[in-house]
Colleague: 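Pasting in a structure now, in structure tokens, and then I'll have a few things to ask.
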Number of protein chains: 2
Amino acid sequence: MENFFTDEYFMKKALQEAEMAFEKGEIPVGALIVIDNKIIARTHNLTEMLNDVTAHAEMQAITSAANFLGGKYLKNCTLYVTLEPCQMCAGALYWSQISKIVFGASDEQRGFEKMGTQIHPKTTIVRGVLADEAGKLMRRFFLERRKN
Amino acid sequence: MENFFTDEYFMKKALQEAEMAFEKGEIPVGALIVIDNKIIARTHNLTEMLNDVTAHAEMQAITSAANFLGGKYLKNCTLYVTLEPCQMCAGALYWSQISKIVFGASDEQRGFEKMGTQIHPKTTIVRGVLADEAGKLMRRFFLERRKN
């Protein structure tokens, strides 16, 4: 039987979150945390609305998933995020001991891989899932912002 | 005239916050954010109580100070924190463009300097202010925890 719950399946839902951020004038990044194919957190970037540099989609997702699970460690969980996490978010993911991180577009300037941020040894990384869609949304955002 | 508002003056207040964390069974780290010698955020680690790896003293201080200022950038602000920030907190401080970070004890294992986390080019770092006091509090915490 074909697996319905693929990385692409969940990344599409993270992209819907990114579009919600876009509509609010936020840099369009969306995130999901999933355990046993169940979505337990669904968030998007809110740094402008909350006036808070810590309000990245991933940070909210970590807090929300831990709240759902009643414990601070995200073992057996997967984060789906449309853009490669930054130093802050990768640092938070390190502490969470999350099992898997799946990201869409790479962030060549501020992404944790270029910045050399350390990820927990128990964490697996999957790159580039629906990266084109995520990248297009980012480019459209910055293009529209330059026009205004 | 002697300057009353020294780094030691504010770090003592951050140490009081660390002691409050200690009393709650939290890893004892306290933080303050100061602008024009005025304390605008005063926080301590709450990761256990909130079941949230993102609830470090510094993260709460950044959110709280931005809320006070009504803007997400912490220009002209100084963070006082009893322990060297981790990757996550240093990453958040990067985004905040904070002017100055003063920390007490170094964290040889998880501190941002060893981890190579990038700090904003506009940020000045001051190390080792009341480091002995902060270090003693940390050692006392882990010693008591091992006994239980």
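Keep in mind that what you see is a predicted model, and the values were worked out from it rather than measured.
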Colleague: Please identify each residue that fulfils ring pair (Phe, Tyr, Trp, His ring centres under 6.0 Å) with F22(B), with sequence neighbours left out.
Modeller: F141(B)
Colleague: Among the clusters formed by ILVMFWY side chains lying less than 4.5 Å apart, do F4(A) and V129(A) turn up in the same one?
Modeller: yes
Colleague: According to ring pair (Phe, Tyr, Trp, His ring centres under 6.0 Å), does anything in residues 89-132 of chain B pair up with another residue at least two apart or in another chain? List the pairs.
Modeller: H56(A)-W95(B), Y94(B)-H120(B)
Colleague: Only counting residues at least two apart or in another chain, list the ones meeting ring pair (Phe, Tyr, Trp, His ring centres under 6.0 Å) with H44(A).
Modeller: none
Colleague: Taking every non-hydrogen pair under 4.5 Å, which of R110(B), E48(B), M88(B) racks up the most with chain A?
Modeller: M88(B)
Colleague: Among the clusters formed by ILVMFWY side chains lying less than 4.5 Å apart, do L79(A) and I27(A) turn up in the same one?
Modeller: yes
Colleague: What residue, out of G116(B), A55(B), C86(B), has the most heavy-atom pairs lying under 4.5 Å from chain A?
Modeller: C86(B)
Colleague: Determine, using the 4.5 Å side-chain heavy-atom cutoff (strictly less than), whether L15(A) and I39(A) are members of one ILVMFWY cluster.
Modeller: yes
Colleague: I need the contact set between residues 58-77 of chain A and chain B: heavy-atom distance under 4.5 Å, sorted by residue number.
Modeller: M59(A), I62(A), T63(A), A66(A), G70(A), G71(A), K72(A)
Colleague: Using modelled atom types only, decide if a donor and an acceptor are shared between the side chain of Q87(A) and the backbone of A90(B) within a distance under 3.5 Å.
Modeller: no
Colleague: Do I33(B) and V81(B) land in one hydrophobic cluster if side-chain heavy atoms of ILVMFWY residues count as linked below 4.5 Å?
Modeller: yes
